[in-house]
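Please read through the structure below; I'll follow up with questions.
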Amino acid sequence: MALDDKIYELRREKLKQIEALGQRAYPTKYEVPHTIGYWRDSYKDASAEQLDSERPNVQVAGRITGIRLMGKAGFAHLQSTSRRDRVGSRQIQIYVKKDAVSEKGFELYKLLDIGDVIGARGYLFRTKTGELTIHVEELTFLAKDLLPLPEKWHGLTDVELRYRQRYVDLIVNPEVREVFLKRTELIKSMRRFLDERWFIEVETPMMQPIAGGAVARPFMTHHNTLDMDLYLRIAPELYLKRLLVGGFDRVYEINRNFRNEGLGWRWNPEFTMLEFYQAYTDYRGVMDLTQELITQAAKDVNGSTQAKWGDQEIDWAKWQRMTMREAIIKFWPEKAGAKPQLNEFASPVIVKSMIGQLLNSGVKLAHDLAKPVGATIAAIFEAVAEEHLTQPTIIYEFPTAVSPLSKQKPDEPDWTERFEIFAGQMEISNGFSELNDPEDQRRRFEAQLKERERGDEEAHQMDEDYIRALSYGMPPAGGVGVGVDRLCMLLTDSHTIRDVILFPLLRPEKVATTEDTGDAEKKP
RNA sequence: GGGCGCGUAGCUCAAUUGGCAGAGCAACUGACUCUUAAUCAGUAGGUUGUAGGUUCGAUUCCUACCGCGCUCACCA
């Protein structure tokens with residue numbers, strides 16, 4: 001029998017004894033008029049004398065994080081589970097004296113373990129070491145922890161266990177809880193910001209017959225009754241713009257996207273995206289709006305526009321803006337020789353020579369010369385500029401070749417009215433003036449289809465219904481996507497996306513141990 | 001998918017050149033009516049990720065597999 005099985009059996013036995021004391025093993029409710037944090041904050045400055053004369057009556061509930069028995073009295077610490085109680089005022093000490101809780105109450109106390117959930121009623125006092133403590137008059141048993149929690153001062157550090165058993169991670173690692181409380185604040189802040197500006201929150205299909213609105217490989221699924229293959233969406237974009245056609249002229253959605261691609265510190269197969277669309281404005285309008293939204297979110301989450309990012313600090317009040325071409329010139333590596341000139345990006349021959357310059361100087365660069373020159377320019381940007389973009393930076397004007405849904409610049413058709421926001425070496429947002437010319441859109445889809453035929457699985461598919469929708473007339477509009485997980489990483493100093501996703505994707509836990517490997521590799 | 005690294009008690013970690021698998025916390029028994037990493041005395045806890053191989057002998061060396069991490073590629 002494994003150790004935790006023994007502990008499990010032992011604690012089940014304790015649970016039976018607790019029931020024998022007249023407590024329910026799994027009671028249904030307990031009145032908690034105020035949280036632990038409320039009492040701690042309200043009486044944090046109260047003196048021992050003050051508490052003795054006032055004797056404030058309290059009733060709280062929480063999980064036991066530590067317990068110390070000394071014969072006929074003992075202490076324990078209760079940890080609040082309330083969202084209102086943040087780090088610093090989540091725990092309160094309780095003092096259980098046999099004389100004060102009666103024989104049965106003390107028997108119950110002796111049967112408690114670290115991890116149990118209990119209710120405590122009594123009055124506040126200060127111990128001789130000065131700690132605000134509840135002098136317990138009645139203990140109520142609420143739930144048993146049958147499995148041992150990790151050790152209390154090293155906590156749980158094994159990353160695999162932390163992700164697989166996030167519930168344990170949340171119990172023992174207060175900073176993890178804080179990150180997810182901040183994530184909630186972030187999403188609330190974005191909703192509030194858009195709601196105040198008369199945006200409508202909508203929900204569009206997660207299962208789509210054509211996975212459109214982005215460049216990515218989709219997950220596939222199947223509906224039995226309709227005998228129909230469906231894709232999990234890679235973006236809500238095309239549906240939200242159908243709603244612009246329908247007359248909802250400010251819409252947004254905060255929801256999951258699914259992309260069947262690699263995992264990494266910035267990538268999880270399902271991730272949360274905010275997308276919003278505003279009619280009668282262009283990329284400049286939504287660029288300003290997005291900057292304001294993110295600045296506000298930083299304030300709401302951290303109470304400041306300053307956010308720690310590793311050994312650096314990101315200031316969400318100080319933004320830079322430059323075009324993609326300007327960024328390439330600005331961050332052009334010295335070792336790669338002379339910087340390109342602005343007008344040289346118009347020449348495919350010169351752009352190809354830029355690639356040569358970079359490769360010769362040892363810059364790593366993923367490029368495909370069969371692709372249009374615009375795609376090459378975008379690759380150059382990623383190779384030379386992205387790693388330098390720590391402070392919030394808006395990069396605008398993207399090549400038409402990599403922007404199949406954006407409006408072109410009137411004076412430069414090879415470039416679109418599109419921008420992306422970078423911070424902490426990550427792309428966190430993408431927006432543009434929405435292409436609303438159905439015939440132009442058809443040509444863009446057709447160009448993508450050619451990419452597909454060349455073997456690019458991720459190129460956009462033709463979406464006839466979307467073109468039909470545009471044919472009814474879509475008002476001019478700007479639209480933006482914001483990567484919520486990545487923004488959350490930046491605001492919580494989390495350096496892997498798995499630390500801001502409660503249950504990140506992992507391989508299934510292994511149950512069998514021998515059968516599947518025993519004869520797998522026998523040499524002849 | 002490629003490369004590199006890791007896997008020892010419930011948790012956090014040791015184990016000399018290949019030579020009896022250990023500690024702290026958690027757990028159990030006992031003492032203790034202001035402790036807080038409570039203390040004191042004692043007890044128990046292991047198929048060293050899995051399966052093979054080399055060896056008199058493997059936690060240690062080799063192979064494969066499983067899981068995790070980092071990284072590269074694809075991507076937001």
message: It should be established whether A/Thr157 places a side-chain nitrogen or oxygen under 4.0 Å from OP1 or OP2 of nucleotide B/U12.
response: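 Checking A/Thr157 against B/U12: at least one side-chain N or O falls below 4.0 Å of OP1 or OP2.
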For atom NZ of A/Lys110 and atom P of B/U29, their distance in whole Å: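 In whole Å, B/U29 P and A/Lys110 NZ are 11 Å from each other.
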field: N or O in side chain of A/Arg68 less than 4.0 angstrom from B/A38 OP1/OP2
entry: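 Yes, such a contact exists.
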query: Can you check whether A/Lys128 has a side-chain N or O nearer than 4.0 Å to OP1 or OP2 of B/U35?
result: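 Answer yes for this pair, as a side-chain N or O of A/Lys128 is under 4.0 Å from OP1 or OP2.
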task: Report yes if the ring of A/Phe271 lies under 5.5 Å from the six-membered base ring of B/A76 with planes under 30°, and no otherwise.
output: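 A/Phe271 ring centre within cut-off of B/A76 base, planes near parallel; stacks.
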- request: Taking A/Thr133 for its side chain and A/Glu131 for its backbone only, find out whether a donor-acceptor pair lies under 3.5 Å.
  value: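 Yes: the side chain of A/Thr133 pairs with the backbone of A/Glu131.
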field: Cation-pi, A/Phe503 ring and A/Arg166 (6.0 angstrom, 45 degrees)
entry: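 The answer is no; the distance or angle limit is not met.
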- request: Check the pair A/Glu253, A/Leu274 against side chain to side chain contact (heavy atoms under 4.5 Å, CB included), reporting the backbone distance first and the verdict last.
  value: CA-CA 6 Å; A/Glu253 178 163 6; A/Leu274 159 68; over 6 Å; no
field: Paired and unpaired positions of RNA chain B as dot-bracket, Watson-Crick or G-U wobble under 3.5 Å, | denoting a partner strand
entry: (((((((..((((.....[..)))).(((((.......))))).....(((((..]....))))))))))))....
message: It should be established whether A/Arg164 places a side-chain nitrogen or oxygen under 4.0 Å from OP1 or OP2 of nucleotide B/G67.
response: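 No, no such contact exists.
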message: Any side-chain N or O of A/Lys14 below 4.0 angstrom from OP1/OP2 of B/C28?
response: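 Yes, because at least one side-chain N or O of A/Lys14 sits under 4.0 Å from OP1 or OP2 of B/C28.
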A/Arg217 side chain near B/C74 phosphate (N/O to OP1/OP2, under 4.0 Å):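 It does not, given that no N or O in the side chain of A/Arg217 lies less than 4.0 Å from OP1 or OP2 of B/C74.
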